[in-house]
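One structure below.
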Number of protein chains: 2
Amino acid sequence: MKPKDEGKIAEIYAATLTLVKEQGLSGITMSMIARKAGFATGTVYIYFANKEELIVKLFDKCIDDYTQHYFTGYDPSAPFKVAFHTIWMNMLRHSIERFDELVFIEQCFHSPFISDETRKATKDRMLPWRELIERGKKEKLIKQFDYSWIMLFVRGGMRDLVKHCTYNQLKITNEFKEAMFEMCWDGIKD
Amino acid sequence: MKPKDEGKIAEIYAATLTLVKEQGLSGITMSMIARKAGFATGTVYIYFANKEELIVKLFDKCIDDYTQHYFTGYDPSAPFKVAFHTIWMNMLRHSIERFDELVFIEQCFHSPFISDETRKATKDRMLPWRELIERGKKEKLIKQFDYSWIMLFVRGGMRDLVKHCTYNQLKITNEFKEAMFEMCWDGIKD
DNA sequence: CTTTTAACTGAATAATTATTCATTTATCTT
DNA sequence: AAGATAAATGAATAATTATTCAGTTAAAAG
């Protein structure tokens, strides 16, 4: 018996992400994905029951991926600004290194594939980040705005900056990153 | 002879925007658009040669729309912060009132419908905004960062905040708007 | 080395969606 | 009021895309 090559799942995911980044969710077909990944259309159906399952599973994987990255090296007992900086930089690094996942998630949010429940569940994964923000407010280090505002303000600006740099092939240096951080920080600090 | 009802174009556009907001670009069909707009599928083809033409024309219209809104009431001779505030508030108002256009443009950018040239041409429309930012830098009122950074930082955060409020049906009060402005301003000011 | 099993293939089929077109309807012209 | 013309309709057709499946190949077991 020939065993399933689980590595193929990763190849299918990679092909899908690349295509979605290039063409958008509306521009991809199952045969395009198979061709890009380097095998026959039917093979994709060995690993996924249908297109929807592929999209949903990849979406879940992307969400897992970022929640994992965001909090690596995060020490909740560190001073607020240090902890904030750690997570902020994790977010930025993830956005840069997994740019195609970023785009994919964004496209999925406005698609028939992702349900409202899934959308909401996604937010709950950011709990440690939320707790950190609340702490910053309590310590009067940042503005007394709703957690969501802070979160969206920070992430929104970051996402558009990364998009711009990626599309224009601008290298994101460390100085660049720190400057970006400074803008965010100055925006939210009390 | 029965004349073309040019009002139908607006209805087709409105139906398309609503559907894209709800389902994403990948989730819409010509018959869905026609049904939503309230007439037969074939009618859409009297006003647009095909789906692509519809999408591209609507995209152009949306771009026109926002460049028009952004600079209404803008007085280049006003003090920098006043002028900046005017445009910023115009952007915010436009994002709120034309939320579906915002989503549509975003979706189009990652789709096979919009060409790279169109993507680039879109940016050129923001010239007055660019000039204002450069002036702010010259007057040492804002940080000496590249124009694009400032622009993207400001718009990215705003967009995600408006998305959040829209999806969660939060009313955006004037205090809310000014608070949001404050975050942006503090982020970029020197 | 043979058998067995399941992956893999890609052409065939099914399902969906875009587009057309014969027919009907509404408006304008005379 | 009748004729002319083009819009409007929606079922029919064409095109595209998802999904299946009969045949082929490759790995594992004995």
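Protein chains get the first letters and strands the later ones, always in sequence-line order, with residue 1 at the start of each. If you're wondering where the values come from, they're calculated on a predicted model, not measured in any experiment.
- Going from atom CZ of B:R35 over to atom P of D:dA8 covers 19 Å, rounded to whole Å.
- The CD1-C1' distance, from B:I46 to C:dC21, rounds to 11 Å in whole Å.
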Kindly determine whether B:E11 and B:K36 satisfy salt bridge (Lys or Arg N to Asp or Glu O under 4.0 Å), including the steps that lead there.
CA-CA 9 Å; B:E11 291 177 61; B:K36 188 94 176 181; over 6 Å; no
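- Looking at B:R135 and B:E139, a side-chain N of the basic residue comes within less than 4.0 Å of a carboxylate O on the acidic one, giving a salt bridge.
- Distances were taken from every side-chain heavy atom of B:D5 (C-beta onward) to each of D:dT17, C:dC8, D:dA8; the shortest belongs to D:dA8.
- Contacts of A:Y45 with the nucleic acid, taken as non-hydrogen atoms under 4.0 Å apart, include base atoms.
- Using a 30° and 60° split on the angle between ring planes, A:F71 and A:Y74 fall in the tilted class, from 30° to 60°.
- Within the 4.0 Å cut-off from OP1 or OP2 of C:dT9, at least one side-chain nitrogen or oxygen of A:T43 is found.
- If you take CD of A:E11 and C1' of C:dA7, they are 14 Å apart, rounded to a whole angstrom.
- Between B:H94 and B:Q68, the side chains place no donor N or O within less than 3.5 Å of an acceptor N or O (distance only, hydrogens not considered).
- Atom CG in A:L25 sits about 14 Å away from atom C1' in D:dT17, given to the nearest Å.
- Comparing C:dT27, D:dT19, C:dG10 by their nearest atom to the side chain of A:M30 picks out D:dT19.
- For A:K2, the listed nucleotide lying nearest its side chain is C:dA6; candidates were C:dA6, D:dA18, C:dT9.
- Using a 4.0 Å heavy-atom distance criterion, B:T41 is classed as a base contact.
- Positionally, the nearest nucleotide of DNA chain D for B:V44 lies more toward the 5' end than for the other of B:V44 and A:M32.
- Residue A:N50 contributes atom CG, which lies 14 Å from atom C1' of D:dT17 at whole-angstrom precision.
- A close approach under 4.0 Å does occur between a side-chain nitrogen or oxygen of A:Y47 and OP1 or OP2 of C:dC8.
- Comparing atom distances between the B:K4 side chain and each of D:dA7, D:dT9, D:dT19 picks out D:dA7 as nearest.
- The interatomic distance linking A:E53 (CD) with D:dT19 (C1') rounds to 13 Å, in whole Å.
- Here the C1' atom of nucleotide D:dT25 and the CZ atom of A:F39 are 16 Å apart, to the nearest Å.
- The aromatic rings of B:H110 and A:Y167 lie tilted to each other, with the angle between the two planes from 30° to 60°.
- Each of B:P3 and B:A49 was matched to the nucleotide of DNA chain C holding its nearest heavy atom; the match closer to the 5' end belongs to B:A49.
- As rounded to whole Å, 17 Å separates atom P of D:dA15 from atom NZ of B:K51.
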